[in-house]
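Notes to accompany the following structure.
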Protein chains: 2
Amino acid sequence: MSIETLVRRPVAPARRKLLDAALSVIRTKGYAATTIDELCAKAGVAKGSFFYHFKDKEAVAIAAAVYWSEVTGALFAAAPYHRHADPLDRVLGYIDFRKGILTGDVPEFTCLVGTMVQEVYETYPEIRDACDASISGHAAKVETDIAEAMNFHRIRADWTAQSLALHTQAVLQGAFILAKAKGGAEIAAASIDHLRRYIEFLFQPATPKGKEAS
Amino acid sequence: MSIETLVRRPVAPARRKLLDAALSVIRTKGYAATTIDELCAKAGVAKGSFFYHFKDKEAVAIAAAVYWSEVTGALFAAAPYHRHADPLDRVLGYIDFRKGILTGDVPEFTCLVGTMVQEVYETYPEIRDACDASISGHAAKVETDIAEAMNFHRIRADWTAQSLALHTQAVLQGAFILAKAKGGAEIAAASIDHLRRYIEFLFQPATPKGKEAS
DNA sequence: GACTCAATACTGACTAGTCGGTATAAATCG
DNA sequence: CGATTTATACCGACTAGTCAGTATTGAGTC
């Protein structure tokens, strides 16, 4: 996806350091409050390097959203829940995995693009689109497993795999907001528990009346 | 709650106009990107008036969070769903009401304090606390109806009324983030539909196996 | 293997402008 | 009368962005 993986040339170290700094700083204080000087200081890089790699502040936000998708994409791709044969187990495993990574301080487990899009959705359409692409791209992966689970368990429903996938993201994003407001992950974990219970209900094997065994 | 309701003195008009401006501008572009000059311009008020009523920018954010609680508190207090005798109907009516007010542009139906807390949770503890108080205070009202519904319908559960009330807020806040990312309310409405379905499930009269009638 | 050469990567001082906050003196209102 | 509001000018700190120049690298060339 990135230009570096196509062209055989190592990533410019300053660029990567700036992107790492952007993830950290923007997650902690948001986009508007983040200064380029702070990014450079955190990255240990001169200010000129910033403008060599990014044409302006908006550009680093967009690049950070793309980078975020790469980093988290790799994290989820390597997660163990993909091993389950039953796609429903993969979905539930995903939920459990999301709950499991609620560790450390709040800025460490919350979502960069969810944070950014809140402040920029009206003022920086390109950043908003980059955030949307990140969220929707991730949701699409979850949607795949949900759709397979619906097939596998012969679910006929008045909801779609897509809407449920997006709902899982809504719960997670909302859980992060509560965690930020309350200063801890416990509340977020409780909300994820509710989400898991809901999904288990949706895929319950039989309707209460009429025993339709497999 | 506000000082004006206790002391019998009319609200200073400039103060109220500034608070209204704060709700609108901060909801649209966030706290950090909001400038005092813009608030004054939008309020049609001189800059001196701002610093007459608020000691600094942080103070207006805190006051705006309190004002937000008052405004939304009045909105929900006047909503029709309180009339239902069955507390579960009040809970579901609340959900429907939340879905119903997803009209107009995104900044008009999204949440001030949810937006603010995302950017300030680490950098402005007092604003964070004001946002938390607003969210938690609202959730507590929902919790009351949930608790009564649990009693009324004799629900024995491994979840608490409080955690479910906070979960509803998480879903709503997360739905707002999706709406901001995608630029429309539809996605938020779909997520609220999932929330409603979940609550209906939790209060389902009987468990599938073993007919325990009332 | 030293020697260009050019492209890439990086530097840090500098500028122009913004923004939070102050100051003040006069006007208006209740 | 005191509380509120206005209008405007101002300041200092900060911040996005510029620029002219330096360092590094890698591919050819002899």
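Residue numbers begin at 1 in each chain, while the letters A, B, ... track the order of the sequences.
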Nearest-angstrom distance from the residue atom [atom1] of [X] to [atom2] of [N]:
X: Arg16(A); N: dC10(C); atom1: CZ; atom2: P; value: 13 Å
X: Lys17(A); N: dA9(C); atom1: NZ; atom2: P; value: 14 Å
X: Ile36(A); N: dC10(C); atom1: CD1; atom2: C1'; value: 16 Å
X: Asp37(A); N: dC14(D); atom1: CG; atom2: C1'; value: 9 Å

For the CD atom of Glu119(A) and the OG1 atom of Thr115(B), what is their distance to the nearest 0.5 Å?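 Rounded to the nearest 0.5 Å, the CD-OG1 separation comes to 9.5 Å.
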Next on the checklist: If the condition is side chain to side chain donor-acceptor pair (under 3.5 Å), which residues does Asn151(A) pass it with, not counting sequence neighbours?
Outcome noted: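 By the side chain to side chain donor-acceptor pair (under 3.5 Å) rule, Asn151(A) matches no residue at all.
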(request) Indicate the ring-plane relationship of Phe97(A) and Tyr81(A), choosing parallel, tilted or perpendicular according to the 30° and 60° boundaries. (result)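 It falls in the tilted class, 30° to 60°.
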Quick check, are the ring centers of Phe76(B) and His138(B) under 6.0 angstrom apart?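 That pair passes the under 6.0 Å test.
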Within residues 43-62 of chain B, residues whose heavy atoms come under 4.0 Å of DNA chain D
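Result for residues 43-62 of chain B: Gly44(B), Val45(B), Ala46(B), Gly48(B), Ser49(B), Tyr52(B), His53(B), sorted by number.
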| request: Verify the distance criterion only: is there a donor paired with an acceptor across the side chains of Tyr52(A) and Arg15(A) at less than 3.5 Å? | output: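 No, Arg15(A) and Tyr52(A) have no side-chain donor paired with an acceptor closer than 3.5 Å.
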Next item on the list: Decide whether a cation-pi geometry holds between Lys57(A) and Tyr31(A); the criteria are a distance under 6.0 Å from NZ or CZ to the six-membered ring centre and an angle within 45° of the ring axis.
Entry: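 So Lys57(A) does make the cation-pi contact.
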